[in-house]
S.K.: 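My questions will all concern the structure given below.
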Amino acid sequence: MPNDFNRQIIEEFRANDGRVGGPFEGARLLLLTTTGARSGVPHTTPVGYLPDGGERVLVIASAGGGPNHPDWFHNLVAHPRVQVEDGPFTYDAEAVVLEGDERDRAFARAVEADPGWAAYQAKTTRVIPVVALRAVASGPPRAASWGAALKMIHDAFRRELALIRKEIAESGPGLGAQLRVNCLTVCNGLHQHHIHEDRGVFPALAENRPELAPTLDRLRREHQTIAALVEELREVISAEGSDPLLVLPQVERLTDELESHLTYEEEQLIPILDAPA
């Protein structure tokens with residue numbers, strides 16, 4: 001069973017769609033459910049994570065720099081299929097312990113973003129493991145309605161962009177490797193979300209609610225505008241020696257445009273999505 005501190009975080013996380021306060025406020029946090037290596041019983045643990053640019057995230061088995069690997073690490077080594085809760089979504093994932101150069105590069109990225117990881121490594125003689133969690137099966141958002149699901153997904157983008165803006169503003173003279181990955185990950189997420197809407201959600205709404213045509217046309221045009229801003233951000237991030245002073249205005253432009261788009265979409269579509277059948 002989780003200790004009282006972890007239990008409180010788990011309850012707050014689930015009650016607030018992935019948001020928590022206290023020492024983890026604003027942090028990237030997920031709930032990791034593993035299967036006990038010996039007991040076979042599921043165990044849920046809040047852990048910090050790092051975006052990894054695609055369909056996987058990274059977690060670090062630091063145990064605060066303690067002498068032993070945390071229990072959840074032993075569990076996933078024995079049973080690599082795990083469950084991840086990231087706020088809007090709960091999904092099954094395959095856990096892979098990174099080895100050799102791949103582990104070292106990932107850990108170096110983490111240290112560059114937060115020197116606390118290096119402090120943990122300095123406290124212990126063990127090599128702190130880095131684990132990749134790759135989604136293998138997922139379902140719809142954990143929400144009471146389709147409108148609530150849309151709002152949850154939008155809020156997740158809002159939180160991630162706010163965190164990236166903060167990270168860029170506080171970064172040094174160069175754009176760190178992990179910060180580049182963070183930016184590219186949210187760009188990829190926006191791209192995939194808008195493709196899903198353009199190819200799935202919007203055609204279904206248009207078929208059932210023809211009067212929504214002007215609204216859906218506007219939302220599609222805004223998707224194109226946002227896609228152009230995302231591409232501009234990718235180019236700035238990918239440039240050698242990227243300057244945070246050049247990246248930050250691009251992130252702010254994208255954030256402002258996206259906020260306007262999300263607000264309009266919520267105003268127009270949530271009442272429709274949540275209307276009685």
Side-chain angles (χ1 to χ4, degrees), residues 1-36 39 41-51 55-64 70-73 75-76 81-93 95 114 116 131 133 135-167 182 185-186 189-190 192-193 196 201 255 258-259 262-263 265-267 269-276:
M1 294 295 291
N3 60 39
D4 289 342
F5 180 69
N6 279 355
R7 185 181 295 109
Q8 179 181 348
I9 294 173
I10 292 167
E11 292 174 353
E12 185 178 3
F13 185 99
R14 287 174 172 164
N16 295 286
D17 302 331
R19 297 185 300 274
V20 298
F24 299 111
E25 184 172 2
R28 293 183 179 88
L29 195 70
L30 58 79
L31 301 185
L32 176 65
T33 298
T34 58
T35 301
S39 68
V41 174
H43 297 271
T44 300
T45 309
V47 294
Y49 73 90
L50 301 172
E55 295 182 353
R56 71 181 197 177
V57 296
L58 305 180
V59 292
I60 299 177
S62 67
D71 290 343
W72 61 259
F73 177 77
N75 290 348
L76 63 76
R81 180 62 68 93
V82 301
Q83 187 180 78
V84 176
E85 298 173 53
D86 67 1
F89 295 96
T90 298
Y91 59 91
D92 291 340
D114 183 353
V131 180
L133 306 176
V136 294
S138 61
R142 298 170 58 250
S145 69
W146 288 111
L150 181 68
K151 184 67 162 58
M152 287 175 65
I153 294 169
H154 286 182
D155 284 347
F157 282 123
R158 289 177 170 116
R159 291 197 301 273
E160 182 62 19
L161 281 169
L163 185 53
I164 287 173
R165 289 173 73 179
K166 180 175 182 290
E167 290 169 341
N182 297 347
T185 300
V186 76
L190 279 170
Q192 294 301 322
H193 175 60
H196 172 69
V201 177
T255 300
L258 184 65
E259 180 57 40
L262 298 181
T263 299
E265 184 171 347
E266 289 163 1
E267 291 172 348
L269 297 190
I270 288 180
I272 303 297
L273 293 170
D274 287 350

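What you see is a predicted model; the values in this text were computed from it and never measured.
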S.K.: According to salt bridge (charged side-chain N to carboxylate O under 4.0 Å, His left out), who are the partners of E55, at least two apart in sequence or on a separate chain?
M.R.: none
S.K.: Can you tell me how far CG of L262 sits from CD1 of I153, rounded to the nearest 0.5 angstrom?
M.R.: 11.0 Å
S.K.: Looking at every non-hydrogen atom in both residues, tell me the closest pair between L29 and F13 and how far apart they are.
M.R.: O-CE1, 3.4 Å
S.K.: To the nearest 0.5 Å, what is the distance between OG1 (T185) and CZ (R56)?
M.R.: 11.0 Å
S.K.: I need the minimum non-hydrogen distance between G147 and D274, along with the two atoms involved.
M.R.: N-OD1, 2.8 Å
S.K.: In the structure I gave you, are the side-chain heavy atoms of Y91 and D86 within less than 4.5 Å of one another anywhere?
M.R.: yes
S.K.: Which pair of non-hydrogen atoms, one from A143 and one from M152, has the smallest distance, and what is that distance?
M.R.: CB-SD, 3.5 Å
S.K.: For R28, which residues count as a salt bridge (charged side-chain N to carboxylate O under 4.0 Å, His left out) partner, sequence neighbours excluded?
M.R.: E160, E167
S.K.: Are any of the side-chain heavy atoms of I60 and L58 separated by less than 4.5 Å?
M.R.: no
S.K.: How would you list, by chain and number, every residue that makes a side chain to side chain contact (heavy atoms under 4.5 Å, CB included) with P70, sequence neighbours excluded?
M.R.: A61, A63, W72, F73
S.K.: Could you check whether any side-chain heavy atom of N75 comes within less than 4.5 Å of a side-chain heavy atom of T35, counting everything from C-beta outward?
M.R.: no
S.K.: ring-ring contact (aromatic ring centres under 6.0 Å, His included) with H193: which residues, sequence neighbours excluded?
M.R.: H154, F157
S.K.: Could you give me the CA-CA distance, side-chain angles and deciding distance for H43 and D71, then say whether side-chain contact (heavy atoms from CB on, under 4.5 Å) is met?
M.R.: CA-CA 9 Å; H43 297 271; D71 290 343; over 6 Å; no
S.K.: Are P46 and I10 packed together at the side-chain level, in the sense that at least one heavy-atom pair is separated by less than 4.5 angstrom?
M.R.: yes
S.K.: Between Q83 and D92, is there a side-chain heavy-atom distance shorter than 4.5 Å?
M.R.: yes
S.K.: With side-chain contact (heavy atoms from CB on, under 4.5 Å) as the test, would you mind laying out the steps for V84 and V57 before giving the verdict?
M.R.: CA-CA 10 Å; V84 176; V57 296; 5.6 Å; no
S.K.: Should T33 and T90 count as side-chain neighbours, where that means a heavy-atom distance under 4.5 Å?
M.R.: no
S.K.: Under the rule for salt bridge (charged side-chain N to carboxylate O under 4.0 Å, His left out), what residues qualify as partners of R158, not counting sequence neighbours?
M.R.: D155, E259, E266
S.K.: Answer yes or no: is there a side-chain heavy-atom contact under 4.5 Å between L150 and I270?
M.R.: yes
S.K.: What pairs with E85 under salt bridge (charged side-chain N to carboxylate O under 4.0 Å, His left out), at least two apart in sequence or on another chain?
M.R.: R14
S.K.: Please find the pair of heavy atoms, one from V82 and one from A95, that lie closest to each other, and give the distance.
M.R.: CG1-CB, 4.4 Å
